[in-house]
Amino acid sequence: MPTPSKKKTNNTDKIDSEMRSLEKEIRDHQYFYYLENSPRITDKEFDKIFQKLKKLEEKYPDLASPNSPTKLVGSDLSETSDFAKFKHKIPVLSLENTYNTKELVDWIQKTAPEDIYSIEWKIDGASIVLYYEDGILKNAVTRGSGGTGDDVTENIKTIQSIPHRLEEKVNLYVRGEVFMNFSDFEEFNEDFGGKYANPRNLTAGSIKHKYASEVAKRPLCIFTYDAFFPDGRGKIITNKLSLEYIKKLGLPVAPDTSFTTLDKIEKTIEKLRKKKDSMPFPIDGLVIKMDDLKKRDALGETAHSPRWARAFKFDALFQESTIEEIIPQIGRTGKVTPRARIKPVQLAGTTVTYATLHNQDYINQLGVGIGARVSISKRGEIIPAVEEVLEPGLHGVFQLPTKCPFCSTKLEKVDESVDLFCTNKKCPERERHSLLFFCQKKQMDIDGLGEKQINLFYSKGWVKNIADLYELKKYEDEMETMEGFGKKSVAIILKGIEESKKKDLRLLLPALGLNEVGHKVTEVLIEAGYENIDAILELANSKNAEEELNAIHGIGPRTTVAIIEQFQDKEVLGLIKRLKKLGLNFQANASEKSDHTPFDGQSWCVTGSFEKFQPRDRAMDIITRHGGRKVSSISSKTTHLLYGEGAGSKLEKAKDLGIELVTEEEFLKILQRESIPL
Ligand code: IVH
């Protein structure tokens, strides 16, 4: 029997999650109305949702989010407006690029081989110049043409880490980069329906937003990197002293800047190259600058860039190429993704032959077609994308077909998405992709079963769905006689399939590729006590399925509907039954929980990056193993926030809610005190 106090907590949880989902709904509709100019519900319907959230906020002020859309004037959302033009008081120069260490070393050897150079992160955001007079922030101006920029002072003043008043009453002009941490970008972009391609786009859009009240809600950050002293620089004779000085005045400065000579430059670059991907903020290279300011003056600058600095790009991110063909791909969910086959180019260390065009809307926006000369980009792990049309081809804008090229089913938009779908569950291309997905490294990771093998088995009609994989043994003899398959490789494949039967629910359920049921949702279900498929099926088929699923933290209304629908579906049930019979493990193996549970009753959230915990989930594993709960976003129920370098809006929110804040050092002390090993 639940105790009365527990019941109250459950009720609060429910209201909390209802308020969060109302917030999201309102934001979505504001987006459709103000940014897309295409409302999806009537004003009256919108008002109803809005008022519902407002009433809940009045009744439960503790649960109200400080960023609630009720605190925002809707029209605040329309972006960009005309700003006053501001003529820069300093030349706002750009940088010349180098793409490898040889180019860089050559430049240093030609310039001043004995000197000290600073090596700094090149932050990938939006450039800004801050004009302080008598220590007061008077103007914040975009780079613009370099000569004149937009005065965006009111917007920039909303960035929490920008001092409106410096520690000293000095006249100072400072250059900096406004940016957004990856974690904040992901959270925020989700609220905007994934409208922005990367943190830089969202940052650039934000600082030029029409309303400062909206900018204030966006988790922007800034690092400053260069100072100009209109009244003379006095004792500040190096970049090092200059950076120390602006830091002392209260301006945020990026971490990891080092000062070194030519002999150590390559080593330093290597160190930073390795560190780059674990940094919380977007980086598009390094900047190498001569440290001695007097020598800088002597070298001077061209109209475009200083002679005393170079950008260093880890990898070229863009390349030009020509589109040779556009192929609509049908994925396992039926989603159609137009893929461009391009003239092969070298990009970020690999040869690129294909780039995505996302969907028809994207194609139309770019105005892209076969034969077009385009620029291709690749960022991190993401598939290369066609970014821009440099010259249109002779074939006009490409149109996706109206029918699935594999099964001729009419393609349609589902749930008002921008993507087209083949809705035929038996489409051979969807079946083939489901098999590929199941065997993938990130899913069941079946040894020996790659795309080549699956394509072959599929074309022979041996496998159509996942369960057929587990009956492949009957083709063993025939397989061994096939070209490219020996006894040995067949044995590896069959062993890989057999071994995969042992993998538990945590891997098996997401690998089925059901809508909305990925690794995260599976983990949430298991944590909520549904530790095997029978328990999940019983839940989805029970009378209160909807209510019970909605009450689970981490499962939203859309996932609830998807779970119920799919686990009542005859085909899904048939597949599960067959897989069970074939001996697959639909049970979550007990995770090794310790008897020592000092984190019992606590809910921990994590943000930023850490030295000892990479990836940071390692810290969360320790907490959950020792009785704590891990949550992905801050709410009134979160008890602790573990924060590292580059923590963004989560930290601010936690501060607002009075949640206990724990640094990496403090966390290590707790572990030491509790004798918990790392
Ligand atoms: S120095 C004259 N340092 O990169 C000084 N720029 O491609 C020129 N940037 O417009 C800039 N981090 O927006 C410098 N540590 C850094 C930087 C940095 C980012 C941006 C800045 C500039 C662009 C030049």
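Ligands are counted one by one from 1 in listed order, and the atoms in each one are counted from 1 as well.
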- Note on the structure: Residues at least two apart in sequence or cross-chain that pass salt bridge (charged side-chain N to carboxylate O under 4.0 Å, His left out) with Arg165, listed by chain then number, are none

- Task: Kindly give the heavy-atom pair with the smallest separation between Ala303 and Leu93, and that separation in Å.
- Result: O-CD2, 3.6 Å

- Only counting residues at least two apart or in another chain, list the ones meeting ring-ring contact (aromatic ring centres under 6.0 Å, His included) with Tyr362. His358

- Item | Charged N-O contact under 4.0 Å between Glu324 and Arg341 | yes

- Message: Does anything in residues 647-658 form a side chain to side chain donor-acceptor pair (under 3.5 Å)? List the pairs, not counting sequence neighbours.
- Response: Asp184-Ser649

Provide, line by line, the atom pairs where ligand 1 and the protein bring an N/O atom each to a distance under 3.5 Å; else say none.
from, atom 1, to, atom 2, distance (Å)
ligand 1, 3 (N), Lys289, NZ, 3.0
ligand 1, 4 (O), Lys122, NZ, 3.2
ligand 1, 7 (O), Lys122, NZ, 3.4
ligand 1, 10 (O), Arg175, NH2, 3.1
ligand 1, 12 (N), Ile123, N, 3.1
ligand 1, 13 (O), Ser127, OG, 3.1
ligand 1, 13 (O), Glu177, OE1, 2.4
ligand 1, 15 (N), Glu120, OE1, 2.9
ligand 1, 15 (N), Trp121, O, 3.2

- Task: Flag this pair as yes if the NZ/CZ of Lys89 is under 6.0 angstrom from the six-membered ring centre of Tyr131 and inside a 45 degree cone about the axis; otherwise no.
- Result: yes

